[in-house]
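Chain naming here is simple, since letters A, B, ... match the order of the sequence lines and numbering starts at 1 in each. Computed from a prediction, not measured in an experiment: that's the story for all the values here.
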Amino acid sequence: MMGLCYCWGLVTLCMFFLITAVIMNFQAAILVTLVGIVASAPISDKLDILNKDTIEQAHSLINKILEDAPKAHAAWINNKGLTLGDNTIRLQLNYLKSVIPSAPVLQNISNISSMETCLADMVKGLQLHLNLLNEIIKKLAQTDQVNVLKSEIQELHSLIKKLQKQAGFDPSKHAKDEQSQTLVHDLHKHLTTEFMIQVAAHLTLQQLQDFSCDVLCSFLSIRRMTSNMSMAENPKTVQLCINAAGL
Amino acid sequence: MASVWLVLVLWIFVNALIKVIQASSCAQIHTPASVVLAGSPVSVSCSIEDECPLTKGKDFRVAWKINNHFAPSNLSYQESNRTYGLIIPSLLDTDTFIQCAVCEGENCQIVNGVQVKARYPPPVPQNLSCSLNLTSKRFLCQWDPGQEMADLATKYTLHIFSVMSKKVLSYKYVIPVGKHFHLIPRESYPLLLKVEINVTAVNVLGNATSETLKLIPLETAMFDPPEINGIEADAVGCLNYSWSLGKSQQWLTIAISLELRLKTVNNRQNKELVVPFTKKPRSKLNVCDLFHGTNYSTTMRVKYSSLSKWSEWSEWSDPKIAATVMKAPSGSLDTWLKVDDQNAQLYWKPSENFRANGWNLFYTVESMEPKKILCVTQESHCFFNLIERVEKVYLRATNAAASSNHTEVPVYRNRGLGSVSCSSNVHPQSETSVEIEWGGTPTSLSVTGYVLEWRSLNEMPAAPLSFTLMDKNISSTILTGLRPYQPYEVSIYPKYDKGIGIPCTLVAYSIQKASSVAPVLNTREYSNERNGTIRGIQKKYIDIYIYIYIYIYIYIYIYIYIYIYIHVYIYIYIFRFITILYIQIYFYIFKLIAIYTVSATFASFHDWNEIRYGIEMMLFVIPACIGLSLLVFVVFACFGKHERVKMCLWPIIPDPANSSIKRWTTTDSMQGMPPFKEDKEPVLVYLSHFSLLDLDEKEPFKSDYVKENQWSHHIDSCDESHSSFQTCVRCDSELDRDSVPYATVLFDGPYQNHSSCPPPYVRSESTQPLLGADDPGSPPPYENVSPRGSVSKVQRFTAFPQNPTEENEELWEEFPMLRSLEITDTDHI
C-alpha cells in the first residue's frame with residue numbers, strides 16, 4: 001500500500017516536470033520539480049494540525065462502512081448475478097458503468113495541500129454516493145441495512161467536514177455539490193427497468209466500496225504521517241480492500 | 001282497553017319529559033373552560049331564560065353555590081338583564097361544582113351547574129436515559145413520567161438533535177399515550193457524534209421539557225465481551241496481552257477503557273488484581289509486578305470510556321491462563337530440628353516472605369562439613385542420621401528454574417534443659433481452634449523462643465507434625481485449622497541459646513461440631529405410569545382423605561348396623577343360632593376390613609393408588625359379604641322344609657276390604673268339628689257347619705272356627721271324606737295350598753233357600769293379590785252369592801246333589817235358632 005502511494009507521488013512529480021518542460025525551458029522545469037520534491041517530502045509533523053480523535057472516529061466509521069456495504073448489498077439486490085467485488089462482473093458491467101457518475105479519484109497525500117484536496121474529494125465522493133443511494137431508494141424498496149449504510153456515510157461526511165474545519169481548511173473551496181447533484185439527476189433517466197435499477201444499485205455499492213477503500217487508504221497514510229498515532233488497522237477491512245482491488 | 005292505558009302512560013311520560021327539559025332549560029350556564037390551571041381565575045355566567053317558570057312574574061335574585069356553599073356576594077355580579085356572572089379569583093380545588101340558583105326570598109332553586117377542574121401542567125419527565133444495543137442497532141430512550149393526572153391525557157414528544165455537516169438534524173417523535181420509551185430508528189442518530197435528546201410532556205394546561213441529554217450514542221452501548229487473543233510472558237514478572245473487541249465492534253479504532261482481572265491459579269497466595277487501561281483496540285497490554293512462575297487466569301472487559309457516566313462495562317471475557325517466567329525460590333523457611341542421639345528429624349515450612357517462584361519444588365538438606373546431602377524430598381520434613389561432628393545443617397528449596405539460598409539450621413544436642421512450666425491450659429476456642437497457654441521457664445536460663453508442635457492422634461498413618469516458632473515473650477497462642485473434637489497432642493518446647501528444653505505435652509480438643517452431613521433418607525419411589533406419588537402431598541389433601549375415610553366408615557357402620565338389626569329382628573325367633581353366627585361372621589369381616597383399611601391408610605399413606613385400591617376393596621368386599629350371606633340365607637329358606645319359615649318370610653296379611661268371593665266350594669272341614677260328627681246325624685252335621693263372617697270383622701282368623709290345625713287336618717283327611725265330594729276335595733286341597741281360605745261363608749240368606757243345597761257349607765277364596773299370588777291374571781268371572789236361593793241356580797255347583805226345596809224348608813223349620821239369624825236384606829254382599 002505504501003508502495004502504491006509512493007508511486008503516485010513519483011508520477012505526480014514526473015507530470016510536474018513534463019508540464020513545466022513543455023511550458024518553459026528545461027532548467028526552469030528542473031527548478032519547479034525540485035520545489036515539488038521539497039514540498040512533497042514527508043511532512044509528518046505538519047499533519048498534526050488534524051484532530052487525532054476525529055481521525056480515529058473517521059477511521060472507525062470507514063471501517064464500519066466497509067463492513068456494512070456487503071450487508072446492504074446482500075439485503076438490497078436480489079439479482080444473483082450481481083456479486084459485490086467480483087472482477088468478472090466488474091468487467092462485464094464496464095459499459096453500463098457509465099450510467100452512474102464516477103467517484104472522485106483521491107489524491108495521494110503528501111502535503112497539507114494534497115491532504116486538503118484529498119479531504120475535499122472524500123466529502124465530494126461521500127456526498128455523491130449518498131445522493132446516488134437516495135436516488136435509487138426512490139425506485140428500489142429500501143431496507144434497514146441501506147438506511148444504516150446511508151446514516152454511516154452521512155456521519156463520515158460530517159466527520160470529515162469537522163476534520164476540515166479543525167484543520168482550518170475552507171470546505172467551500174472544493175464544494176461542488178451542485179455538479180454531483182446534476183449528475184445524479186441524469187441517473188434518473190436510466191432507472192426505467194427493474195434490471196437497470198438493480199444494476200445501478202449494484203454499481204453504486206460497488207463504487208462506494210472501492211471509494212471507501214481509497215478513503216481507508218488515505219486515512220491509513222494520514223495516521224502513518226501523523227506523529228503519535230499507532231497503526232491500528234482492522235485486518236478485516238484492509239483484507240477486504242486488497243481483495244476488492246484485486247491485488 | 002290496553003291501548004288506552006298505553007296512550008295514557010305515554011302521555012304521562014312525555015309530559016314528564018317536557019317538564020324536565022323545561023326545568024333544565026331554565027338557565028344556561030357557561031364557563032370558558034372546564035379544566036383550568038390550578039390557581040387561575042374562573043368566570044362562570046348564568047343566563048336565565050325568559051320562559052323560566054321560577055322567574056315568571058316574580059321578584060327573584062340569582063345566587064351562586066360553590067361546592068354546595070353559597071358564594072360570597074362580592075364574587076357575583078350581573079352581566080346584563082338576565083345574565084349573571086361569578087368570578088372565582090383563584091381556583092385551587094381539584095374539582096369544583098359551581099351551581100346557579102334562582103332565589104325567591106329564602107327559597108332557592110338550583111337551575112343549572114357546571115364542574116370546573118383545576119389541574120396542573122404535566123410534571124417534568126425525569127431520569128431520561130438512552131442506551132444503544134450494538135447488535136440490534138436499537139437506540140432506546142426511556143424516562144419516568146412523574147405523577148401524571150389520570151383524567152388529563154399527557155402526550156410526550158421526543159426530540160433528537162445532531163450536528164451533521166454544519167446542519168442541525170432534528171427529529172421529533174410523538175409517543176403514543178401511556179408509553180414512556182421510544183426506539184429511535186438508525187437513520188436518526190449517528191454513532192460517534194454528539195446528540196442532544198430531550199422529552200417534552202404536553203397536556204392541555206401546558207408542557208414541560210426534561211433535561212437535555214448530551215451524549216454520543218456509542219457511549220451508551222454495552223460492548224460485547226472482548227477476546228484475549230494471546231498472552232506472552234516476555235519479561236520477568238510480566239505478562240503481555242494481545243486482544244481484540246467483540247465481533248460487532250471490530251470496526252472501532254478509537255481508544256476505549258478496559259480492565260484486566262488476574263487471578264492466581266493453584267497458588268497459596270490466592271490474589272486477585274484488576275488493572276485498568278485506556279487503549280486502542282489491537283494494541284498490546286502489559287501487566288507487570290506479578291509473582292514469578294505463577295499461573296494467572298486473566299479475563300477482561302471493556303467499555304466506551306471510563307469518563308462517561310453512560311458507559312457500562314461489558315461482560316467479562318472468557319478466561320485465559322498463562323504463567324509468568326520462573327525464578328529461583330526466594331525468602332526463608334521456618335525449621336524445627338529435633339535431634340535424638342544420631343537420629344534427626346527436620347521439619348520446615350515456608351515463612352511469610354517465602355516465594356516458590358516456580359513449580360516442581362523440592363527441598364535439599366545437606367551438611368557442609370562433611371559435605372554431604374542428607375536428604376532430598378518434596379515433603380516438608382526429613383529424617384536422617386547425624387554424626388556427632390555436624391553442628392549445622394542447610395536446607396534449600398529448588399524449583400524448575402533454580403535453587404534458593406541456604407537456610408541455616410543449628411543442631412542443638414543439649415536437651416533436657418529447663419522445662420516450660422507445665423501448668424498449661426487448653427481452652428477450646430471454636431470447632432477448629434484451641435487456645436494454648438503455658439507458664440514461664442526457669443529464670444536461670446534465657447529463653448530465645450518457643451516451639452509449639454502438634455499432631456492429630458486420630459489419624460492413621462500418623463499425621464505429620466505441624467509446628468510454629470514463637471517469640472520468647474509469647475505465652476499463649478491459638479492453634480487453628482484443627483478438626484472438630486479430635487484429640488491433638490500439643491507440645492511446647494522452650495528454646496534456649498544453648499539448646500532445647502523439656503517440652504510440656506498435653507492433649508487438646510476443639511469444640512464439638514454438629515454433623516455436617518445429613519443422614520441419608522432411603523425413600524421408596526413409585527415410578528409407575530400414573531406417577532401418583534404423593535409423598536410431598538400437602539396436609540390439606542391428607543385431611544381430605546382422612547375425612548373421606550371417616551365418612552365411609554361411619555356410612556358402612558350405620559349400614560351394617562341397620563341391616564343386622566333388621567335381620568336380628570326377623571330371625572330372632574327362627575334362626576337364633578344361625579343369626580348369631582351370622583352376626584359374628586359379619587362383625588369379624590367388618591373388623592378385618594377395618595383393620596386392613598386403617599392400616600393401609602395410615603401405614604403407607606403414600607400413594608393415591610393405595611387409597612383407591614383400599615376403597616375399591618372395601619366397596620367390593622362389603623357388598624360381596626352381604627350378598628353372600630343373603631344368598632346363603634335365601635338358599636336355606638328356599639330349600640328348608642319348614643313351612644314356618646315361609647310363613648315368617650312371607651307372612652300372609654289378609655285384607656278383607658279387598659276381598660271378595662271368588663269361588664264356592666264344598667268342604668269336609670266338618671271333621672274339624674268332632675262334636676257334630678259324633679253326636680248328630682250326617683244331615684244335621686252339614687247344617688250345623690257354618691261360620692259367620694262379620695263383614696266388618698277385621699280379623700277373620702280370630703274366628704274360633706278357622707284354625708290352622710283344622711285346615712291342615714282337613715287336607716290330610718281328604719280321602720276319608722264323603723265319596724260324593726271327592727273330586728271337589730282333591731281340587732280344593734290343591735287350591736288350598738295356593739290360596740288360603742281365610743274366611744268361611746256363608747250365611748247370608750234365608751235358611752230355607754240355603755237348605756236346598758245339600759252341602760250348605762261353602763267357603764270362599766280371596767281375590768286379594770297378596771293371597772292369590774300364584775294367579776297373577778285377573779280372576780275368572782265369579783258370581784257373588786245372591787242372598788236368596790241363588791246358590792242352587794249356579795251352574796258350577798251342578799255336581800252337588802240337588803235336594804228338594806221342601807227339605808230345606810224343613811231344615812230351617814227344625815232349627816229355630818238359625819231361623820232367627822235370617823238376614824232379609826243382604827244387598828251389601
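- If you check the side chains of A:Gln207 and A:His129, you find a donor sitting under 3.5 Å from an acceptor.
- Using a 4.5 Å cut-off between heavy atoms, A:Gln57 contacts chain B through both its backbone and its side chain.
- The greatest number of non-hydrogen atom pairs below 4.5 Å with chain B, out of A:Ala58, A:Ser151, A:Ser60, is found for A:Ser60.
- Geometric assessment of A:Arg223 against the ring of A:Phe219 yields a negative cation-pi assignment under the 6.0 Å and 45° thresholds.
- For A:Lys64, the parts sitting under 4.5 Å from any heavy atom of chain B are the backbone and the side chain alike.
- The closest side-chain donor-acceptor pair between A:Asn51 and A:Lys162, if any, does not fall under 3.5 angstrom.
- Looking only at side-chain heavy atoms (C-beta outward), B:Met300 and B:Arg261 stay at 4.5 Å or farther from each other.
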